[in-house]
Amino acid sequence: MQLLAHQTIRFIDQAIRALDNEQALPRHLQRIFYRTWWHKGYPHSVESARELILEIEDAAKTLRGDASQLETNLHEAGERFPIFHDVVQVLPIFNHAIVLECHRPLVRASEVPVLLYLLRIPSCGEGMEVENHGFGYHFHYGKVKSETIARTNLLLTFDPASSGVKRTRSQNRMGPPLHGEYHAEGKNRSINAETIGKNKRLPIYTVCLLTAEKRGFANFKRPRNEAFIFHVGENAA
């Protein structure tokens, strides 16, 4: 399942308004955006968002500037670049659930150089995917209600620099720490991580660790500076 990220909506909004301010916004894009896209009840698909962004890029080419003046800042680009959530797997734990997701770029940076320049978003090419600034696998903590998952704003991830040493059944070792951070996204339910007791944290950690080992720690989203340690990984089985 693919879900459109709110930062993508903000990216489109900023791009449309920037073109409007420059009097370079075609009328058909005005109609598409203000009559459908900006309507809160209108369903936005990943593919329709991609098509709209590429169409806005075409309209912006008359405003092309010297994008080489921008400094590369991968973290800033990751926070502002259009992305989507790719829901990969749901991992049930009692009446809770861990949702494995991956933040993926909606378009390649090379496809929208003018918009990146216009919105002052550093153009860092394909490096964003490699460095995992805002991209990569991560977990969302949720609760199961009426056979549906109520996603919370608690995001869990491993540092991609974590050791990925394989374990055998006869070995116990200390696993890498699982980081937590709050990620406001749409209608996600707010939760305080402090309310999740130690008896729940260990099974959550174990499930996340096993999944991360299969997917590769290097493919996980790098924790933000304000992230905290959700579980230290002592005595990982």
Side-chain angles (χ1 to χ4, degrees), residues 1-3 5-7 74-75 78-79 83-104 129 131-237:
M1 180 173 63
Q2 297 179 341
L3 303 173
H6 277 224
Q7 74 183 62
L74 293 171
H75 181 72
E79 295 294 324
I83 64 173
F84 66 93
H85 306 286
D86 192 0
V87 179
V88 180
Q89 190 176 4
V90 177
L91 308 164
I93 302 178
F94 307 118
N95 62 333
H96 304 272
I98 301 298
V99 181
L100 175 64
E101 297 183 357
C102 189
H103 284 173
R104 303 187 189 277
E129 295 179 66
E131 296 293 336
N132 284 350
H133 285 265
F135 303 95
Y137 288 110
H138 57 277
F139 304 96
H140 259 289
Y141 177 74
K143 295 188 175 182
V144 179
K145 289 188 175 181
S146 301
E147 298 184 353
T148 60
I149 300 173
R151 294 166 79 252
T152 72
N153 63 336
L154 177 58
L155 183 150
L156 303 170
T157 189
F158 289 101
D159 191 319
S162 297
S163 172
V165 177
K166 295 294 184 180
R167 298 173 297 153
T168 66
R169 291 184 179 181
S170 60
Q171 290 178 325
N172 289 333
R173 68 171 177 82
M174 181 180 294
L178 180 63
H179 299 265
E181 59 187 60
Y182 297 111
H183 182 73
E185 182 72 30
K187 298 180 180 180
N188 289 351
R189 176 181 176 183
S190 295
I191 187 173
N192 185 348
E194 295 296 327
T195 63
I196 303 176
K198 294 182 179 180
N199 60 326
K200 292 182 181 178
R201 294 195 181 208
L202 180 56
I204 290 173
Y205 175 83
T206 302
V207 167
C208 291
L209 178 64
L210 292 172
T211 303
E213 287 181 331
K214 293 178 181 178
R215 299 282 175 176
F217 291 100
N219 298 315
F220 273 75
K221 174 186 176 297
R222 181 177 298 178
R224 294 179 178 178
N225 292 335
E226 60 269 25
F228 53 90
I229 301 297
F230 180 80
H231 192 79
V232 295
E234 294 180 354
N235 299 324

For this session: Step by step, work out the side-chain contact (heavy atoms from CB on, under 4.5 Å) result for Arg222 and His179.
Result: CA-CA 9 Å; Arg222 181 177 298 178; His179 299 265; over 6 Å; no

Exercise. Do you know which two heavy atoms are closest between Pro177 and Ile229, and how far apart they sit?
Worked result: CB-CD1, 3.9 Å

Problem set entry | Thr152 backbone acceptor or donor facing His140 side chain under 3.5 Å | yes

Exercise. Is the distance between the ring centroids of His183 and His103 under 6.0 Å?
Worked result: yes

Exercise. Taking only residues two or more places apart in sequence or in another chain, which ones pass salt bridge (charged side-chain N to carboxylate O under 4.0 Å, His left out) with Arg104?
Worked result: Asp86

Seminar exercise, completed: So CG of Asn219 and NE2 of His138: to nearest 0.5 Å the spacing works out to 13.5 Å

For this session: Output all residues satisfying side chain to side chain contact (heavy atoms under 4.5 Å, CB included) with Asn199, sequence neighbours left out; order by chain, then residue number.
Result: none

Exercise. So which heavy atom on Tyr205 is nearest to which on Leu178, and how close?
Worked result: CD1-CB, 3.7 Å

Exercise. Of all heavy-atom pairs between Ser190 and Asn153, which one has the smallest distance, and what is that distance?
Worked result: CA-OD1, 3.4 Å

For this session: Report the residues that fulfil ring-ring contact (aromatic ring centres under 6.0 Å, His included) with His96, sequence neighbours left out, ordered by chain and then residue number.
Result: Tyr141

For this session: Supply the atom-to-atom distance Ile204 CD1 to His231 NE2, rounded to the nearest 0.5 angstrom.
Result: 10.0 Å

Problem set entry | Straight-line distance of Leu210 CG to Arg215 CZ, nearest 0.5 Å | 13.0 Å

For this session: State which residues pass ring-ring contact (aromatic ring centres under 6.0 Å, His included) with Phe139; sequence neighbours excluded, sorted by chain then number.
Result: Phe220

Exercise. Can you say whether the rings of Tyr182 and Phe228 are parallel (under 30°), tilted (30 to 60°) or perpendicular (over 60°)?
Worked result: tilted

Problem set entry | Heavy-atom closest pair, residues Phe230 and Arg201 | O-NH1, 2.7 Å

Exercise. Considering residues at least two apart in sequence or located in another chain, which fulfil the salt bridge (charged side-chain N to carboxylate O under 4.0 Å, His left out) criterion with Glu226?
Worked result: Arg224

For this session: Measure across Thr211 and Leu91 and return the closest heavy-atom pair with its distance rounded to 0.1 Å.
Result: OG1-CD1, 3.5 Å

Problem set entry | side-chain contact (heavy atoms from CB on, under 4.5 Å) assessment of Ile196 paired with Leu154 | CA-CA 11 Å; Ile196 303 176; Leu154 177 58; 3.7 Å; yes

For this session: Quick one: pull up SG in Cys208 and CD1 in Ile98 and give me the separation to the nearest 0.5 Å.
Result: 5.0 Å

Exercise. Quick one: side chain to side chain contact (heavy atoms under 4.5 Å, CB included) partners of Val87, sequence neighbours excluded?
Worked result: Met1, Leu3, Val99, Glu101

Exercise. At their closest point, which heavy atom of Pro203 faces which heavy atom of Ile93, and how far apart are they?
Worked result: O-CD1, 3.9 Å

